[in-house]
Each structure stands twice: as C-alpha cells, then as structure tokens.
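Hydrogens, waters and symmetry mates play no part in the numbers below; they use all other heavy atoms, side chains included.
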Amino acid sequence: MKDSQTQKLLGVEELRQMIDLYNPCTDDYLFVLDFQTDSYYISPHARERFQLPGCFFHDVQNNLLNVTFPEDRQALMDDLTDIMSTDRTAHNLIYRWMDTAGRPVWINCRGHVVRLDGKPVYMVGCINEIGKKQKADNVSGLLGETSLQQYLQNYTDVKPSGYFLRLGLDNFKSINAKLGIEYGDMLLRRMGDFIVHCVRPGQHFYRIMADEFMVVDFHGSTAKDAMDLYMEIRKILDQYVEDNHYEAFVTVSGGIFMCQDVQKFNWSQIMKLSEFALTEAKTLGKNRGYVFKQEDYDAFLKRKYLTQALRQAVSDNFKGFEVYYQPIFHTEDSSLSGAEALLRFHSDNVLVMPAEFIEILEETGLIIPVGRWVLHEALRFAKKSQEIVPGFRINVNVSYVQVMKSDVVADIMEALELYDLLPSDLIVELTESGLVESDTYFTRLWKQLKENGVQLALDDFGTGYSNFHYLNELRPDIIKIDRSFTVRAMSNEYEFNLLSLLNGMVKNLELKVCVEGVETEEERDRIALLPPDYSQGYFFGRPCAQPVFEEKFLHPLSAGGQTVRKPPYRGSD
C-alpha cells in the first residue's frame with residue numbers, strides 16, 4: 001500500500017517545474033512547501049513583491065515569519081503547528097505579508113496538504129492578494145485602475161503625446177444616501193455607457209475608483225479636444241437627468257492635463273496631477289472642466305508645504321510664530337491707549353504674509369491652539385506694559401473657527417485670571433464678516449463676554465459687510481473703521497461726510513470709535529476733525545515685535561514719567 005501511494009505522489013521537483021510553467025500566466029503566487037526537506041518554493045515574481053529571501057529557501061518557518069506582519073505571526077505559527085500535529089489536509093489562512101517597502105499586504109493563502117501514512121509530505125497551494133485592486137469593474141462594466149496602470153507601463157521609455165481626462169460625479173454620496181446603493185450602481189453603469197458612447201477610436205477609458213473615471217488619449221489630441229469630450233459627456237448626463245425628471249440631480253466635473261505636463265511619466269505622478277485637476281474643477285464650482293496649469297499646481301504645493309510647516313510649528317511649541325504689536329492712541333490727547341496683537345509667522349526664516357497662513361490655520365483648525373497661544377502672549381505683554389502705562393489695554397483678534405469649535409470664553413477668562421488682569425483690560429476684536437457667516441455663535445459669545453466684563457470691538461467696519469443691525473443688537477464697546485473706508489473718506493468729501501455721520505451716530509449710541517489705517521500727517525489732521533476716540537495706523541507706528549514696541553513706545557514714557565506724547569510718535573518704516 002505504501003508503495004502504491006508513493007507512486008501516485010508527484011515529486012516536489014515536478015511541482016516546482018509546474019510552478020515555473022504557470023508563473024507567466026497568473027498574477028497569483030503558486031507555492032509548494034516540502035515538509036521532509038524543510039524547503040519552500042514560490043512563483044519567482046513573488047520575490048519582486050514581498051520581502052522573501054528568494055523564490056526557494058530552507059528553514060521555512062523562520063523565513064515565513066520574517067515576511068509576515070508581526071501581529072499575524074502567531075496565527076501563522078499556530079496554523080503550521082496544527083497541520084503538523086493533526087490529520088488536516090486543508091490550509092486556508094488570511095493574514096499579512098510585508099512587501100519590499102515594508103508595508104503590510106493582505107493575502108489569502110490556501111493549500112492542500114499531501115500526507116503519507118498520516119504524515120505531511122508537502123503542501124501545494126496558491127497565495128492571492130485579497131486587497132489588490134481589480135483589473136475590471138463589474139458595476140460600470142469598464143476596466144479598472146490596475147488595467148490603466150498596466151497600460152501606462154507600455155510608455156515607460158517614450159512619453160506619448162495627448163491628454164488625460166479624469167471625470168468625477170459631483171455629490172455622488174448624497175445620491176447613495178437618498179436613493180440607495182443599488183440606484184447609485186445603476187447610475188455608475190449609465191455613466192460608463194455615456195463614456196463608451198463618446199470616446200473616439202484609440203482612446204482608452206477606465207473606472208479608477210468610486211465615482212471617478214479616466215479617459216486616456218495618446219494620439220496627439222489637444223486640450224481643446226479634451227474639453228470638447230468632457231462637454232459631450234456632460235451634455236449626455238444632463239439630458240439623462242432631465243429625461244428622468246430630475247429624480248437624481250447629478251453633475252460631472254472634469255480635470256484635464258496634457259502628457260507634456262508630466263515631468264516624470266509614472267503612475268504616481270499621473271494620479272497626483274489628475275487628482276489635482278479634478279479637485280480644482282470641483283473647487284471652481286463643480287459641473288465644469290479645468291485644464292491643468294503649472295502655476296496653479298505650484299501654488300497648491302506651496303500651500304501644502306506651508307500647511308505642514310504650520311502643523312510642525314504648533315507641535316514644536318509654536319516655533320516660528322511671533323506676536324507683533326501696533327500702538328493705538330487716544331485721539332483727543334495723543335496718549336498711548338494700548339496695542340493690537342497681530343500674529344506673524346516665519347517659515348525657513350522668511351516672513352509669511354498673514355493673508356497666506358491665517359486661512360490655512362482656520363481651515364485646519366490649528367487656529368484654536370495658535371489663538372490660545374496668542375492670547376497668552378498678548379496678556380503677558382499687557383501686564384508688563386501696565387507697569388509703565390496704567391490702564392494699558394490689549395486688543396486680540398478672535399477667529400470665527402475659535403468661536404464655533406472651542407470654548408473661547410473659558411480660555412479668555414482663565415488667561416485673564418492667570419495674568420491678574422481685569423476683564424476690561426482686554427478688547428476682543430471680531431470681524432463683521434465672521435458675524436455674517438455664523439451669527440448665532442457670535443451672538444452667544446458676545447453675550448457671554450459682555451457679561452464677564454470683557455471689552456468688545458467690531459472690526460473691519462465699512463468693508464462691505466456693514467450692517468447697522470449689529471450696532472443695535474450687539475452693542476459693541478468699540479467700532480473699528482476699516483482702512484478702506486478711511487482712504488475713501490480722505491479723497492472724497494461725500495465719503496468723509498458719511499464717516500462723520502457714522503462717527504456721530506456711534507457716539508450717540510454711547511459706543512467708541514477707532515479709525516484704522518491713518519498713514520500720513522494729512523490724514524491724521526483730517527481725522528482729528530471728527531474726532532474719533534482712538535486712532536491707529538502706520539503714521540503712529542507699524543506693527544512690530546515686542547522688544548521694538550517697548551523701545552519705541554514704552555521706554556520713552558518710562559524715562560519721561562509721562563503717558564502723553566504730542567504730537568503722536570510716528571513709527572519708522
């Protein structure tokens with residue numbers, strides 16, 4: 001009996017030859033594990049994918065454990081031990097191997113154990129990557145991302161001439177949520193049909209992910225050709241939506257970039273540029289096409305780099321951030337009233353303009369920890385300044401993101417207590433544009449701060465958002481007239497009369513007025529005719545670092561024992 005069983009068994013060497021024979025025919029990995037010689041043979045192309053010592057090796061358990069993701073090693077050991085100690089003939093284990101870059105890859109290893117007299121002789125089987133992307137998409141009926149990647153491998157030596165058109169359905173998630181996944185799948189199939197209907201001979205098209213598709217043209221076509229194709233697809237989709245009585249209102253955006261725009265013609269770069277182009281199309285309002293521009297991409301990369309620099313600065317104890325201070329004077333007697341705290345940021349020792357980084361801080365939520373840091377820096381400086389200028393008050397700007405997503409009132413009150421300051425020593429500045437965006441949140445904050453005795457200033461008044469409703473409903477302590485209003489008032493009598501009327505009306509409401517943006521002596525003299533309660537601008541002093549502010553505005557007062565300066569000190573440029 002033993003001899004007949006031996007005759008029926010294929011030799012391990014024959015199995016290796018069969019693996020080599022099938023190797024060019026499959027993307028999966030065939031293997032044979034020889035228990036008698038403690039050796040392992042796997043399809044040669046597996047070595048290009050995984051951290052294997054070779055396609056043939058001994059000391060099987062240790063070498064397999066080395067290629068296995070650490071968290072999955074015990075499961076593999078338990079399974080191999082069970083095979084050796086029982087009469088099992090089937091092996092089926094889902095776990096992870098490490099690829100050549102050290103990243104975990106999910107695999108399903110299935111094998112059949114051949115036994116002789118109850119002892120395992122060898123195991124032959126197949127390993128497939130269960131997380132690997134499909135070459136074709138059964139929903140849309142199109143080839144998938146992996147097929148596109150393989151197609152592009154034909155052009156590793158010579159860059160073709162033509163374009164990529166990446167299409168993405170707009171608001172597709174809402175379609176699935178409202179009408180169900182089955183309806184969404186049907187819509188994707190219809191979208192695939194529309195693309196098939198519109199593409200020209202020689203063009204290739206794929207569904208690359210979720211609700212996104214790619215059309216590839218390597219026949220020298222132009223950006224105009226690509227835009228025409230996009231418009232044709234969009235027109236068919238629009239007609240479909242209309243014919244179905246807008247049951248599902250869906251549109252499509254298209255990102256276009258030319259082959260010559262790709263510096264390194266590889267998969268990673270192509271996917272990056274196509275994703276950027278499609279994102280730009282959606283950012284511009286959706287349901288439109290966008291043709292890649294290098295200057296737009298450079299700005300995107302710069303913004304991405306700046307975002308990372310800001311994150312690093314926050315995590316590195318706010319290294320690179322600095323608070324500048326701009327003096328604010330009483331208009332009547334030219335005495336120093338206080339200062340406005342203004343955030344600055346240096347990246348690679350280069351000063352970045354606030355217009356560039358403040359928006360990023362707000363979008364990422366980093367404005368919350370940064371705003372808290374600014375508050376503490378400003379109050380610490382105010383406490384020190386009061387030793388020279390009793391009643392010195394500090395103005396701190398608060399972002400609408402801080403209002404909506406943090407307990408900014410608690411932060412303010414805790415900081416005031418920490419630095420032993422009165423609530424009235426702090427003036428919180430809120431922009432009217434923020435009020436428009438989030439009226440309810442700001443109203444609640446406004447009420448809480450006023451109840452705690454904190455002074456409030458309505459900033460940027462006169463920039464186009466101005467609504468007298470806020471003056472009556474919110475009753476801020478101070479109205480800050482924006483520089484743009486000041487400039488118009490200096491050059492136009494009608495505008496100056498408007499400013500004069502506004503100044504008088506605000507004072508009748510028992511509110512204070514601060515005019516910003518006073519840059520020349522002539523402007524100072526004309527503004528003094530109103531007069532506002534406070535004046536601020538380059539004529540009096542530019543925003544500057546704390547040591548500079550102390551030298552220019554505090555030390556002279558300390559030396560002279562006075563808090564009044566006539567005429568106002570004009571800060572150097």
When you compare the side chains of [X] and [Y], does any donor N or O come within less than 3.5 Å of an acceptor on the partner?
{"X": "Ser174", "Y": "Asn171", "result": "no"}
{"X": "Asp482", "Y": "Ser484", "result": "yes"}
{"X": "Asn23", "Y": "Asp20", "result": "no"}
{"X": "Glu129", "Y": "Tyr29", "result": "yes"}
{"X": "Asp348", "Y": "Tyr305", "result": "yes"}

Is the ring pair [X]/[Y] parallel, tilted or perpendicular, if the boundaries are 30 and 60 degrees?
{"X": "Tyr206", "Y": "His204", "result": "parallel"}
{"X": "Phe218", "Y": "Tyr155", "result": "perpendicular"}
{"X": "Phe31", "Y": "Tyr40", "result": "parallel"}
{"X": "Phe164", "Y": "Phe265", "result": "tilted"}

Checking Arg488 against Phe485: charged group under 6.0 Å from the ring centre and within 45 degrees of the axis?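 That pair qualifies as a cation-pi contact.
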Pairing of Lys480 and Glu429 as salt bridge, 4.0 angstrom limit: yes
Locate the shortest heavy-atom distance separating Val352 from Phe357; write the atom from each residue and the value.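 Taking every non-hydrogen atom into account, O-CE2, 3.4 Å.
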Can you check salt bridge (charged side-chain N to carboxylate O under 4.0 Å, His left out) on Glu275 and Arg166, steps first, answer last? CA-CA 8 Å; Glu275 181 179 10; Arg166 186 163 178 166; 5.2 Å; no
Strictly under 6.0 Å, is that where the ring centroids of [X] and [Y] end up?
{"X": "Phe213", "Y": "Phe205", "value": "no"}
{"X": "Phe35", "Y": "Tyr122", "value": "no"}
{"X": "Phe194", "Y": "Tyr240", "value": "yes"}
{"X": "Phe257", "Y": "Phe276", "value": "no"}

Spacing of Ile236 atom CD1 and Met231 atom CE [to the nearest 0.5 Å]: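 These two atoms lie 12.0 Å from each other.
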